[in-house]
2 protein chains.
Amino acid sequence: MARTAGSHSDITGPRVRAAAQKLFAARGFAAVSMREIAREVGVQAGALYNYTADKQSLLFDLMQSHLEALLQTFEDDPTATPEARLEHFVRFHIRFHHDRPDAVFIAYMELRNLTSDNFARIEAMRGAYEDRLEAILRAGVTDGSFDVADTKIATLAVIAMLTGVSTWFRSGGRLSLQDVEAEYWQMVRKAVAPS
Amino acid sequence: MARTAGSHSDITGPRVRAAAQKLFAARGFAAVSMREIAREVGVQAGALYNYTADKQSLLFDLMQSHLEALLQTFEDDPTATPEARLEHFVRFHIRFHHDRPDAVFIAYMELRNLTSDNFARIEAMRGAYEDRLEAILRAGVTDGSFDVADTKIATLAVIAMLTGVSTWFRSGGRLSLQDVEAEYWQMVRKAVAPS
DNA sequence: TCATGATCTGAACGCTTGTTCAAAACAATG
DNA sequence: CATTGTTTTGAACAAGCGTTCAGATCATGA
């Protein structure tokens with residue numbers, strides 16, 4: 001058994017995924033060829049198939065990793081007040097998405113390029129994340145700190161609003177990420193508050 | 001001069017655009033071939049080039065028509081109260097987007113497949129639409145009926161939230177479009193209201 | 001230093017891509 | 001009915017696609 005530790009596969013594997021993520025985000029899954037990914041890695045196209053079964057798996061793995069990280073990183077404290085939990089969700093979502101714009105972009109734009117099996121798996125994970133927010137909203141409705149007619153709609157509305165940040169915000173501009181977090185939190189807080 | 005009225009071009013032209021819109025929305029610009037569009041129209045691929053210079057122009061024309069219709073259809077009444085103007089915007093946006101899901105999807109997903117010249121033109125139109133909403137928010141901030149720290153951010157947040165409707169809402173489900181309009185209007189109204 | 005086996009190359013496979021164009025088809029006018 | 005000029009076909013072009021695989025390369029453990 002030779003070449004286990006220090007073998008190139010420990011290096012090339014992650015680089016394949018990184019190159020694919022970068023290119024898929026910039027130009028789209030369908031518009032990027034395996035040869036382009038290989039060129040970005042500095043390798044011939046055939047070598048990619050040591051690290052992925054096919055192009056579809058490469059896309060699916062990127063999306064799955066992203067959503068796994070999302071679900072695993074978000075921590076909700078059910079003993080806190082609904083308002084505190086919601087604020088934490090808002091700030092977490094904005095920050096997490098801002099830190100990985102490529103992965104976010106792919107997860108939202110390339111759903112239709114998944115096979116139906118893979119699509120179902122990804123959708124289930126996305127649904128699980130939405131459920132985390134809906135649980136917070138429901139808790140607030142129950143104890144009277146929130147007032148929304150339909151927690152499912154409010155969940156989708158809040159997530160759409162927050163995810164939109166990554167379509168325009170770039171660090172180094174007029175506003176800091178903290179400014180943006182604070183501003184979105186004010187809007188969300190008021191949107192679900194009792195009138 | 002023969003074949004002006006009643007010629008096939010009056011029929012085929014719109015059908016090419018319709019087929020392209022349908023297929024681009026379902027599977028993405030890069031993943032759809034000219035031969036597939038031709039098959040949907042019932043014609044050979046070569047015939048498409050009587051109606052479009054190339055594939056890129058086909059995409060651009062679809063987007064441009066959509067945004068022209070958006071800008072032309074939306075009517076704001078600057079003499080009304082900011083709250084009334086905002087409610088009208090919210091309901092208009094939801095309804096307009098719900099009526100043309102394919103065009104909306106393309107306009108949001110295929111921006112990166114535009115050449116940079118075409119992208120700039122489309123972005124300018126999108127910016128003009130955003131400006132219409134921002135004018136309303138600014139009027140409300142000025143007269144004290146709204147309270148948002150940054151009207152630009154609020155504009156983008158509201159539009160992202162409203163556009164998100166088209167990712168999940170389909171007529172015939174649990175909720176009517178009127179229900180959805182009303183619910184989003186409540187959230188937007190509260191989000192920009194003074195606390 | 002040699003043998004091992006993971007890693008990579010480079011060519012090849014069959015197929016599809018956007019686009020062009022000469023020739024054919026065809027509807028309407030005179 | 002002949003002519004006109006628009007519309008469509010069908011073949012062709014060079015290029016690129018995802019994927020496979022025999023053989024070369026090369027770091028490592030013995």
Side-chain angles (χ1 to χ4, degrees), chain A residues 1-24 26-63 106 110 112-115 117-118, chain B residues 1-24 26-63 106 110 112-115 117-118:
Chain A
M1 178 182 60
R3 273 190 97 170
T4 51
S7 92
H8 282 187
S9 93
D10 294 353
I11 310 271
T12 311
R15 289 190 57 199
V16 168
R17 292 167 48 91
Q21 181 161 89
K22 173 181 165 182
L23 291 171
F24 288 168
R27 312 222 322 282
F29 174 78
V32 172
S33 72
M34 294 299 271
R35 283 171 179 84
E36 286 177 280
I37 297 171
R39 194 179 314 131
E40 177 85 15
V41 174
V43 104
Q44 294 297 317
L48 299 181
Y49 291 86
N50 289 317
Y51 305 99
T52 185
D54 48 29
K55 198 186 176 192
Q56 168 72 205
S57 306
L58 198 45
L59 176 62
F60 175 71
D61 288 347
L62 290 173
M63 288 201 189
I106 292 170
E110 303 297 352
R112 63 175 160 203
N113 286 308
L114 292 171
T115 61
D117 280 4
N118 286 343
Chain B
M1 178 184 59
R3 273 189 98 173
T4 51
S7 95
H8 282 188
S9 93
D10 295 353
I11 309 271
T12 310
R15 288 190 59 198
V16 168
R17 291 168 48 93
Q21 181 159 92
K22 173 180 165 182
L23 291 171
F24 288 168
R27 313 224 321 284
F29 174 77
V32 172
S33 71
M34 294 298 270
R35 283 172 180 83
E36 287 176 280
I37 297 170
R39 195 179 314 133
E40 177 84 16
V41 175
V43 102
Q44 295 298 316
L48 299 182
Y49 291 85
N50 288 318
Y51 305 99
T52 185
D54 48 30
K55 200 187 175 192
Q56 167 73 205
S57 305
L58 198 44
L59 176 63
F60 175 71
D61 288 347
L62 290 173
M63 288 200 187
I106 292 170
E110 304 296 352
R112 63 175 159 202
N113 286 307
L114 292 171
T115 61
D117 280 4
N118 286 342

How would nucleotides 14-21 of chain D be written as a contact map, 5' to 3', with B for base contact, S for sugar-phosphate-only contact and - for no contact, using protein heavy atoms under 4.0 Å?
---BBBBB
So, is Tyr51(B) close to the dT8(D) phosphate, meaning a side-chain N or O under 4.0 Å from OP1 or OP2?
yes
Between C1' on dT7(C) and CD1 on Ile11(A), what's the gap in Å once rounded to a whole number?
13 Å
Quick one: CG on Leu114(B) to CG on Leu59(B), what's the gap to the nearest 0.5 Å?
5.0 Å
Pair listing, side-chain hydrogen bond (donor to acceptor under 3.5 Å, both in side chains) test, anchored in residues 54-63 of chain B, at least two apart
Asp54(B)-Ser57(B), Gln56(B)-Asn118(B)
note: Arg15(B), atom CZ; dT7(D), atom C1'; distance rounded to Å ~ 14 Å
Partner residues of Glu36(B) under the side chain to side chain contact (heavy atoms under 4.5 Å, CB included) criterion, sequence neighbours left out:
Leu23(B), Arg27(B), Val32(B), Ser33(B), Arg39(B)
By the salt bridge (Lys or Arg N to Asp or Glu O under 4.0 Å) test, which pairs, at least two apart or in different chains, include something from residues 12-22 of chain A?
Lys22(A)-Glu40(A)
Please check the phosphate of dT7(C) (OP1 and OP2 only) for any side-chain N or O of Thr12(A) closer than 4.0 Å.
no
Any residue meeting side chain to side chain donor-acceptor pair (under 3.5 Å) with Gln44(B), in chain and number order, not counting sequence neighbours:
none
Go through the structure and list residues passing side chain to side chain contact (heavy atoms under 4.5 Å, CB included) with Arg112(B), not counting sequence neighbours.
Phe105(A), Met109(A), Glu110(A)
Could you tell me the separation between the CG atom of Asn50(A) and the P atom of dG5(C), rounded to a whole number of Å?
17 Å
